[in-house]
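To keep things clear, I will list the structure first and then write my remarks on it.
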Protein chains: 2
Amino acid sequence: MVDREERQRLILALIIREYVDTAQPIGSQYLVERYDLGVSSATVRNTLGDLTEMGYLRQPHTSAGRVPTEEGYRFFVRQLMGHADLPSPVKRTITHQFYQAGHDVERWMRLAASILAHQSQAASLVTAPMPESAQFKHLELIATHGRQVLMVLVLAGGDVRQQMLALAEPVAQDQLSATAILINQHCQNLDLKGINALNVQFDALAQDALKLIREEMGRVGASLTGEVYHDGLSNVLSEPEFVESESARKALRVIEERSLLEDLLERTVLTNGVEGVQVLIGGEGTWEELRDCSVVLARYGVPGHTTGALGVLGPIRMAYGRTISTVRFVSSLLSELVAERMAE
Amino acid sequence: MVDREERQRLILALIIREYVDTAQPIGSQYLVERYDLGVSSATVRNTLGDLTEMGYLRQPHTSAGRVPTEEGYRFFVRQLMGHADLPSPVKRTITHQFYQAGHDVERWMRLAASILAHQSQAASLVTAPMPESAQFKHLELIATHGRQVLMVLVLAGGDVRQQMLALAEPVAQDQLSATAILINQHCQNLDLKGINALNVQFDALAQDALKLIREEMGRVGASLTGEVYHDGLSNVLSEPEFVESESARKALRVIEERSLLEDLLERTVLTNGVEGVQVLIGGEGTWEELRDCSVVLARYGVPGHTTGALGVLGPIRMAYGRTISTVRFVSSLLSELVAERMAE
DNA sequence: TTTTAGCACTCTCACGGTGAGAGTGCTAAA
DNA sequence: TTTAGCACTCTCACCGTGAGAGTGCTAAAA
């Protein structure tokens, strides 16, 4: 004889597993036929009644089977699911793919998005790693043509930024190089505050360059999310819950519209102090656009220095186990890569 | 009394206009009520019969009104539509927005995608401008940490590329700078062929750098499409033709899957010799994924030097007039910007 | 006290029939 | 060549029906 509560947990887990597979309401008879529960369907029915009363299951209509509620999924994720890891061969394959991408951050991002989308069969999103504060490393000024100068600014952590600098009059490359060397000497390893506090008499050219440098460094840290990569959008459209295009539209907008996505990320994984993978089910009452979907998010990078976020967006009826382990693994991998890159 | 053929053209145009608005089959009575045609519904019915026989209209079923066929749209776009331009105030607004984006190519791309999506109420896509061949302009080698060196390569046309160069042993910045100067002297304005033909004895460091330069320059021109920007994906999901998610999925895949998109672009606008805006209606029998949608495409940039592509993807029932003029205008604007940037 | 068999009950869904409405094509007259 | 008139066809919304699924309850069994 099994403990009453034990059976409730078992059956909730089974219903979620089956429902994630089939997208069909699950009945008592179906369960006893497929699993060796050792009890009759009537007993299962009692348990189903309990779980329904507890708010973890619901019936679409009287004569239908049970479907997990959002609360049911939450309970499952928090208490029932366990901490399964990705199978080792999968991990090795993924690691290998990142290894092949070399030092190219853009390729990392695309690869991460592709892997997440593929593993979870849902939509994925990855934001480029963003330094939380800018630290001057190196400057180059390169004459292009006429009064336009290309400024290449290297920041700590391997972040490279380019800007065009429009001068009042043409300047020779020699003079540009001299100015760059001068600025490099004074600004080495300074942050924005340090550069602002600099008390040196620069010439007009250097001042122009410094102005642009300040602007560019000010931009760093102003936003927590950089370029956004995504993949697998067409995956979610094949899910039955997104056939009424309205919920699909809302979900798409979260990925497309930068402001929505930034709000979501900043209020979840990019909040300092929060660690690990976060699971948002059905918008959690906060995000109307996510009412019909779930999001699995994680931060990656080196906290306090350079971080980004990644995650998966799919139907509420999602294979949380696999998705969460993939998100966890890819984020830890990216964290390692970012840390290595910073050490360079 | 109006010429028979004249009436056919008028009525086809009216049906397309109405159908694009309402997405409902249009009947003879509806037309005579809304437009002052000067003839009875019976006459209109005869004309409808003609147009149906010509293959420009069809009936979803016997007792329904008429709907344009793909052939009908094609005829409309080619013969009936005229060459309406965007209203001047709209043009001014758009021009102003690009002006505000400064010299930032990434912002141009995002802005173009946003404008196209917004104006056409459909999905838009823009590929970054790609030089057709690489010409060496300038090189910088910057020590970062240990054996990792940041290589910044400036190509003609303002294209800047960065790569990490991993050395066998650490090298001081002085020596890196000297090597860069050396390479700059020898490679100035050379293309890949010229660099390969170079007959100079370089030291190990310079040879490493040159190897990477060759790789990077070889990458230019290898693909005709660079980074792809898009916007307005959620627009198309609101169209009634995309409620059955299968056609929406196929359309999304064209935008998401690089290989599909590249094939499409290279076989249409990026084919040399083709000029102006191209309209593909219903996949034109060639692209299965586009069977249920239309694409309005154009090339932009400076032909033979640096070009990109842009376009709009929407339902076949699309407001071709407005979309085509927007695509034409934005592409000409981007062409100007790219030309200016090349002159710098 | 827990489990189970039995059973009545409820609800959905697929099916077929029906009638209103829309739009047509044809015919014959203008 | 155009038009009025009309019969015809097809869809679509509506309804009623019955099979099927799954339930909750009750009373007996363990």
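Side chains included, hydrogens not; waters and symmetry mates left out as well; all remaining heavy atoms used. In what follows, chains carry the letters A, B, and so on, assigned in the order in which the sequence lines appear, proteins first and then strands, with residues in each chain numbered from 1.
Side-chain atoms of B/Ser63 and base atoms of D/dC10 include a donor and an acceptor less than 3.5 Å apart.
Closest to the side chain of A/Asn46, from the set C/dT4, D/dT3, C/dT12, is C/dT4.
DNA chain D is contacted by both B/Gly38 and B/His61; B/Gly38 maps to the nucleotide lying nearer its 5′ end (nearest heavy atom per residue). A residue-by-residue look at B/Val44 and A/Ile26 shows that B/Val44 has its nearest nucleotide of DNA chain D further toward the 5' end. Between A/Thr62 and A/Ala42, the residue anchored closer to the 5' end of DNA chain C is A/Ala42, taking for each the nucleotide with the nearest heavy atom.
Between C/dT24 and B/Ser28, a contact under 4.0 Å exists linking OP1 or OP2 to a side-chain N or O. Between B/Arg45 and the phosphate of C/dC26, there is no side-chain N or O to OP1/OP2 separation shorter than 4.0 Å. Contact between the side-chain N/O atoms of B/Arg58 and the OP1/OP2 oxygens of C/dT24 is not found at any separation under 4.0 Å. Under 4.0 angstrom from either OP1 or OP2 of C/dT24 there lies at least one side-chain N or O belonging to B/Arg66. Note on A/Ser40: a side-chain N or O is less than 4.0 Å away from OP1 or OP2 of C/dT4.
Rounded to an integer number of Å, the gap from A/Gln24 CD to D/dG20 P is 18 Å. Nucleotide C/dT4 holds its P atom 11 Å from the CG atom of A/Leu37, rounded to whole Å. In this entry the distance linking CG of A/Leu48 with P of C/dT4 reads 14 Å, nearest Å. Rounded to whole Å, atom C1' of C/dT2 lies 17 Å from atom CD of A/Glu6. C/dT1 atom P lies 16 Å from atom CG of A/Asp50, rounded to whole Å. The CG atom of A/Leu51 sits 16 Å away from the C1' atom of D/dG24 (whole-angstrom rounding). For B/Arg4 and D/dT1, the CZ to C1' distance is 9 Å, given to the nearest whole Å. If you measure from atom CD of B/Gln29 to atom P of C/dG21, you get 14 Å, rounded to the nearest angstrom.
Here the side chain of A/Arg291 pairs no donor or acceptor atom with the backbone of A/Gly282 at under 3.5 angstrom. Of the possible donor and acceptor atoms, none in the side chain of B/Gln119 sits under 3.5 Å from a partner among the backbone N and O of B/Arg322. Between the side chain of B/Thr271 and the main chain of B/Glu266, a donor-acceptor pair closer than 3.5 Å is present.
The ring of B/Tyr73 has its center closer than 6.0 angstrom to the ring center of B/Tyr320.
Salt bridge present: B/Asp85 and B/Arg328 bring a charged side-chain N and a carboxylate O closer than 4.0 Å.
Remark: D/dT17 base-pairs with C/dA14. Criterion, Watson-Crick or G-U wobble with two distances under 3.5 Å. As the counterpart of C/dG6, D/dC25 is assigned, both hydrogen-bonding distances of the Watson-Crick or G-U wobble pattern falling under 3.5 Å.
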